[in-house]
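Here the structure is a predicted model, which means the values were calculated and not measured. Throughout, protein chains are lettered first and strands after them, A, B, ... in sequence-line order, and every chain is numbered starting at 1.
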Number of protein chains: 2
Amino acid sequence: MGFMSNESKSLLGLLEAAPIKARFNDADIKAIHSLQISLKRYPPHTVVYNQGDAVRSVYITNSGWGCVYRDLPSGDRQIMDFPLRGDTVGLRMPAVFNYNTYASITEMSVFEISQHALNAIVLRSPYLSNGIMALMARQRAFLIEHLTNLGRRNALVRTAHLLLEMGVRAKHSGMGTEKGYSCPLTQYELADALGLTAIHVNRMLRELREQNLVAFRYGEVEFINRPGLVRLANFDENYLAMGMFTDFK
Amino acid sequence: MGFMSNESKSLLGLLEAAPIKARFNDADIKAIHSLQISLKRYPPHTVVYNQGDAVRSVYITNSGWGCVYRDLPSGDRQIMDFPLRGDTVGLRMPAVFNYNTYASITEMSVFEISQHALNAIVLRSPYLSNGIMALMARQRAFLIEHLTNLGRRNALVRTAHLLLEMGVRAKHSGMGTEKGYSCPLTQYELADALGLTAIHVNRMLRELREQNLVAFRYGEVEFINRPGLVRLANFDENYLAMGMFTDFK
DNA sequence: CGCCTTGTTGACAGGCTTCAATACTGGTGG
DNA sequence: CCACCAGTATTGAAGCCTGTCAACAAGGCG
């Protein structure tokens, strides 16, 4: 309850609040207000942009859960990430089609920044453009961690690691605590992110529950023995740190 | 032979040559010349920056093969990518330690662009800064493809896909043809990139050879039946396309 | 209430790893 | 020039981890 209400009405509000917590001067604020930015809302399980579209915008998630994935001809898909509040999606790549899809999982609202507006940011506010680059670098850190997860950790550890990661990110976004968080993901969605089958994810969740480490049931992740889980997954949450806007000065 | 000689003496030269092929006006060229950039050379198997270092530079590979990887406490490692000529490495993330290592595999030369110089680029040449962002977006496309590879393709297809990808990238960089390319990677390095053991990589290479698809021996990748290999791996090389500098205008 | 999605469990098969042993290759020094 | 050595490549056998197939339960929404 109330988690979805964690939402800002303007991009400025989003950037100034958790998890980004930027501090702007008047010039920055003026620059932001001059930008052509729209707040868009999506119902659950709706596509924002599709594999093959020529995307010319960057999105900053405002509220809700989404996912970025790649569909394969075989019918399988690989989920790259579950962006939450403050996460950027959709780096542009001119004259090249996008090779991933961005869709909502829950109700979701995002700020869409057009290519044109992004160029304007670069010109008008180096501080702002640095900040956006930092946000993008953070998304890259997620990708690297997910790659490591798939390549070099077994199913149990991999599952534990993702539950921990999303827990920290949810907490950063004001949607959870050390004890746990609401997680709308199905076991199929977890499987598509973890490179496993939903059946095996189910087994791993049971195992984690039976070892009294973490329980994921009824849309709630409950950390029972978080230190033990961190140890099992060799989880180091520093990679999730937000490269603060203010650190650029 | 001669492959390593595919090398530029200045960043301008690198950006104007294959695979980037940027076209600059006088102002851009002036901007580049004003930047504090150094060309660095590394012997084989030398670390450029290490996991845990506070990296404040961006690197653009000039010649040779390198690799970006993450070491795990278990002793395993996951290789994220093998950057070649024209590939960028090391997105900055202020006040956050780096969670990957960048090392050479062969002799390697790279242009190091300091944080300070990068900020200067953003201010002085929107065209240049757009171009660098495009290069970074391209690296992200590689990560996404590698994630898909690990998550949703079996060992044989995965191996085939990587051989094809590096082939196209080598060709873009002027180091190979449709027929094949020189590849200095050991089976251990391939394994660390593919999330497999070197032993299994060996078996998969044999399988690909016995199916008369591709032969990787003695440091040379030889495409025997490239269309067949492309079909097996469901390889679509468009994700490797260079978002041309010139497409930004 | 009934349907459809999601979750759960068991048995079995198969892919990949592990362990172990041997051959090859390129560089080094006698 | 050849012997040696360390790193790399190759192969076999056995076992575990994860996928596949199948069936049923539970939960949510009309």
[X] [atom1] to [N] [atom2]: how many Å, rounded?
X: His200(A); N: dA13(C); atom1: NE2; atom2: P; answer: 18 Å
X: Leu196(A); N: dT20(D); atom1: CG; atom2: C1'; answer: 14 Å
X: Asp76(A); N: dG19(D); atom1: CG; atom2: P; answer: 11 Å

- Are Arg70(B) and Glu145(A) close enough for a salt bridge, meaning some N to O gap below 4.0 Å? yes

- Using 4.0 Å as the upper bound for N to carboxylate O, is an ion pair formed by Glu178(A) and Lys171(A)? yes

- Item | side-chain hydrogen bond (donor to acceptor under 3.5 Å, both in side chains) between Tyr69(A) and Asp81(A), worked out | CA-CA 7 Å; Tyr69(A) 61 91; Asp81(A) 192 25; over 6 Å; no

- Task: Select base, sugar-phosphate, or nothing to describe what Gly195(B) touches, counting heavy atoms under 4.0 Å on all strands.
- Result: sugar-phosphate

- Should Pro83(B) and Tyr102(B) count as side-chain neighbours, where that means a heavy-atom distance under 4.5 Å? yes

- Item | Donor on one side chain, acceptor on other, Tyr239(B) and Thr148(B), under 3.5 Å | no

- Using only heavy-atom distances, determine whether the side chains of Arg85(A) and Ser8(A) contain a donor-acceptor pair under 3.5 Å. yes

- Task: Compare every heavy atom of Asp236(A) with every heavy atom of Tyr99(B), then report the nearest pair and how far apart it is.
- Result: OH-OD2, 2.8 Å

- Where Arg152(B) and Asp76(A) come nearest, the two heavy atoms and their spacing: CD-CB, 3.8 Å

- Protein heavy-atom contacts under 4.0 Å, written 5' to 3' over nucleotides 6-11 of chain D as B (base), S (sugar-phosphate only) or - (none), form the string --SSBB

- Query: Does the side chain of Thr197(B) get closer than 4.0 angstrom to OP1 or OP2 of dC16(C) through an N or O atom?
  - Reply: no

- Message: Can you list, in residue-number order, the parts of residues 149-162 of chain B that come under 4.0 Å of DNA chain C, counting heavy atoms only?
- Response: Asn154(B), Ala155(B)

